[in-house]
There are 4 protein chains.
Amino acid sequence: MPVATAVQDPEKRQAILKASIEVFAQQGFGGADVEVIADRAGVGKGTVYRYFGNKRDLFLATADAGMRMLEASILEAIDGVEDPVETIRRSGNAYGEFFRKHPRFVEILILERAEFRGSIPDTHLVYRAKNRGVLDEIIKQGIRDGVFRNLDVHEATNAFANLLFGTVVTGCIEGASGKLGQAIENAVDIYIHGILIRPKAEAT
Amino acid sequence: MPVATAVQDPEKRQAILKASIEVFAQQGFGGADVEVIADRAGVGKGTVYRYFGNKRDLFLATADAGMRMLEASILEAIDGVEDPVETIRRSGNAYGEFFRKHPRFVEILILERAEFRGSIPDTHLVYRAKNRGVLDEIIKQGIRDGVFRNLDVHEATNAFANLLFGTVVTGCIEGASGKLGQAIENAVDIYIHGILIRPKAEAT
Amino acid sequence: MPVATAVQDPEKRQAILKASIEVFAQQGFGGADVEVIADRAGVGKGTVYRYFGNKRDLFLATADAGMRMLEASILEAIDGVEDPVETIRRSGNAYGEFFRKHPRFVEILILERAEFRGSIPDTHLVYRAKNRGVLDEIIKQGIRDGVFRNLDVHEATNAFANLLFGTVVTGCIEGASGKLGQAIENAVDIYIHGILIRPKAEAT
Amino acid sequence: MPVATAVQDPEKRQAILKASIEVFAQQGFGGADVEVIADRAGVGKGTVYRYFGNKRDLFLATADAGMRMLEASILEAIDGVEDPVETIRRSGNAYGEFFRKHPRFVEILILERAEFRGSIPDTHLVYRAKNRGVLDEIIKQGIRDGVFRNLDVHEATNAFANLLFGTVVTGCIEGASGKLGQAIENAVDIYIHGILIRPKAEAT
DNA sequence: CATGAATGAGCCTTCATTCAT
DNA sequence: TATGAATGAAGGCTCATTCAT
């Protein structure tokens, strides 16, 4: 007899995760009713539990799925780009664009931070840790090339991530997502100027 | 049904708010038990309800009390300072310092954003709106003085607030608050360089 | 030192009873809030307890006060009347008139029956027992005089009381009290015909 | 949120209603604890809520179920009977008999009147309205046949219902139900004499 | 495997009652 | 004596989780 984690239908799994994002984002973690998620996914409540174990793990899987998508979006956006400044700009825009397209997902991020602070390695930070290497490398390269100021690379990367995070969090409230793109562009612009050795300041 | 009636003992009110911050920060909104808050405050459960009406309003009052303190801290830190750059630096540092001293309160901010997204005017944003005029003015002045680039003032202010917010949110997880001061300083440094017309880049 | 049942201000007592009727009638026993009664009476909650001991006893005192008034109304209405038929008719009309003027009080009666069924000697029945002698005597007299059928007097008295009670209970719902007088008259008419030896049937 | 969804086990539903009558009748509406009802019914508290939504609706359903039984009892008792007098007598006796067999249910009636006065169409009156046509017709027929006095039919029907109601309400307190049959018979007797054109008074 | 009816722990909230002032 | 702030027991209701079908 195989363990409980037997064969699972990937489509069903996706349907549950999709419903999950919506319901969690709309109702919060405490406010979300697993039954509602099951209904929206078109499966029985028991199936949700079979696939994800419990509400908490379902939520975490939802957050993880979102982060995976975000990660992919960004990596795709910067794939093949050589110029450090352009890379940073594009990754920032991709970040913003992702949340503009999936505003629900900002809630998930917030929720995770709010409900599971510290109790688990925060998905957002896990992914940041995983992917920071890419950005670290870009910034290091820029410093080496004399394009960027001689910053603490780790801190500079964090600042970028925090700026983006803060921007989507306050920028995704209600239908305000329309202005999110603009807000991100301005934020990225300031950030880039902030790390450039000789920003083309006057030009802007 | 009294709503927020009568003479209330300010000490008791404070005790409840203090317990409130701790319990909400540690357990989340849904996870917090009003009885626990009452116990920690050394009052009966009924008293909490007498003072704050219901759990939600207790939470909101908690958030508001925190924001009031934050606001005061920042205004005090920049009081009398003339130089725009210095004002920005100090307000950023005051922001960071506040959350370093009251790390619990970051959780309250997050929680509010998470639980009441949209349903109420977010305390954080209300205070931002209320106080942004100060920063707007500083930036405008800097632009007029030729110190800052010709930015969209509103966006620049937002970027600053978002950067700080993002920094404390990711910087206040678990005992990491030790490094929060450093993170804030780096973030502020990048921000200031990002808006200066001619940053003393090489000097850093 | 005198016992707790010390000096009491009769006006205060009346004020409390008056408020009591309204609040209990409107909110039911469980739904009534002693604080509201105290407020309406213009006294402190503690005073209500000082005067009546507890909610239950307050309610019972309220019911008793009402019954006392009803009793007085009826006795006054039949005072000096000799004719048995007329006496019955008048007592019935006085009963109806009382509840038409104090519709709130029907609720008290119902409530008492509903909340304290059996647990206490029902005020309504206590008063019925106390006053039935009067009606019993009238009916006995009528039988002796050959005016009324040879009925079981006790049962006949009960039937009269039950008929009146049933009529006000269903007749006092909502603003229907306007028709209560009519309903009582019709009920009394049928009752009297029902006990008369030779009703002047055709005349009606 | 399901309201009264899905396939429900009729046996379970009945068990809950049965427990409901007992507990409400014994404890009153406010005094009844839904958990006790659940326990007596041999189901979980959640099941009660699943089946009936909330305490109030459970109570109303209980009242309705009782009225349905009462209605059936009476209709069965008068089925096929032609004589108006006999029909009235039988329906009165059936009414009494029903409450003699289910004395608990009188409490439900009282409770409903007490707790929900006006807030809902009183079940008792709803059923009265629904079934009054039957009695109205009988009395009309009697009047047409010259058997009954020329009464206001509507009022006469009401008087009958009120008399019966008053009788069971005061007759069903505690173990007094033994005498209820007798009380009803006497009441019905007086009523019938009260509406007959020429009651066979002397014969009784 | 899938389902959803059943469960009961958990928690918010109310309000009768007390008692310090 | 009067007050009303404080208390905490009590109970309605929800919803995560289980498990019989």
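Letters A, B, ... mirror the listed sequences (proteins, then strands); counts begin at 1. Any value given below was found using the heavy atoms of this structure, including those in side chains, with hydrogens, waters and symmetry copies removed.
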**Asked** Where the side chain of K55(A) is defined as all heavy atoms beyond and including C-beta, which of dG12(F), dT17(E), dA16(F) is the nearest nucleotide?
**Response** dA16(F)

**Asked** Could you give the CZ-to-P distance, from F24(D) to dG12(F), as a whole number of Å?
**Response** 8 Å

**Request:** Using atom CZ of F52(A) as one end and atom C1' of dA2(E) as the other, report the distance to the nearest whole Å.
**Result:** 15 Å

**Request:** Round to a whole Å and report the spacing from NZ of K12(D) to P of dA5(E).
**Result:** 11 Å

**Message:** Taking Watson-Crick (N1-N3 plus N6-O4 or O6-N4) and G-U wobble (N1-O2, O6-N3), each under 3.5 Å, can you produce the dot-bracket string of DNA chain F? Use [ ] for crossing pairs and | for inter-strand ones.
**Reply:** .||||||||||||||||||||

**Item:** Candidate list V34(B), L58(B), D57(B), test side-chain contact (heavy atoms from CB on, under 4.5 Å), partner Y49(B), passing option
**Value:** V34(B)

**Prompt:** Separation of R56(C) atom CZ from dT17(E) atom C1', in whole Å?
**Reply:** 16 Å

**Request:** Give a yes/no answer on whether the side chain of Y49(B) brings an N or O atom under 4.0 Å of OP1 or OP2 in dA6(F).
**Result:** no

**Request:** Taking the six-membered ring of Y51(D) (Phe, Tyr or Trp), confirm whether the NZ or CZ of K12(D) is under 6.0 Å from its centre and within 45° of its axis.
**Result:** no

**Message:** Between K45(B) and dG8(F), is there a contact of a side-chain N or O with OP1 or OP2 at under 4.0 Å?
**Reply:** no

**Request:** Could you tell me whether the phosphate oxygens of dA2(F), OP1 or OP2, come under 4.0 Å of any side-chain nitrogen or oxygen in R50(C)?
**Result:** yes

**Prompt:** Mapping G42(D) and G46(B) to their closest nucleotides on DNA chain E, which lands nearer the 5' end?
**Reply:** G42(D)

**Request:** Report the distance from atom CG of L111(C) to atom CG of L111(D), rounding to the nearest 0.5 Å.
**Result:** 9.5 Å

**Message:** Expressed as a whole number of angstroms, how long is the span from I37(C):CD1 to dT17(E):C1'?
**Reply:** 14 Å

**Asked** Between R68(A) and D64(A), does at least one N-O distance fall below 4.0 Å, as a salt bridge requires?
**Response** yes

**Request:** Take the protein atom CG of D39(C) and the nucleotide atom P of dT3(F), then report the distance between them rounded to whole Å.
**Result:** 11 Å

**Prompt:** Nearest-Å distance, CG (D33(D)) to C1' (dG12(F))?
**Reply:** 9 Å

**Prompt:** More 5' along DNA chain F: G30(D) or G31(A), using each one's nearest nucleotide?
**Reply:** G30(D)

**Prompt:** Is T47(D) near enough to dT7(E) that one of its side-chain N or O atoms lies under 4.0 angstrom from OP1 or OP2?
**Reply:** yes

**Straight-line distance of L60(D) CG to E115(D) CD, nearest 0.5 Å** = 11.0 Å

**Asked** Just how far is it from atom CD of Q14(D) to atom OG of S20(D), taken to the nearest 0.5 Å?
**Response** 11.0 Å

**Prompt:** Can you check the F29(C) CZ to dC15(E) C1' distance for me, whole Å?
**Reply:** 12 Å

**Fill in**
Ranking dA2(E), dT14(E), dA6(E) by distance to the side chain of D9(D), first place goes to dA6(E)

**Asked** Would F116(D) and F59(D) count as a close aromatic pair, with their ring centres under 6.0 Å?
**Response** yes

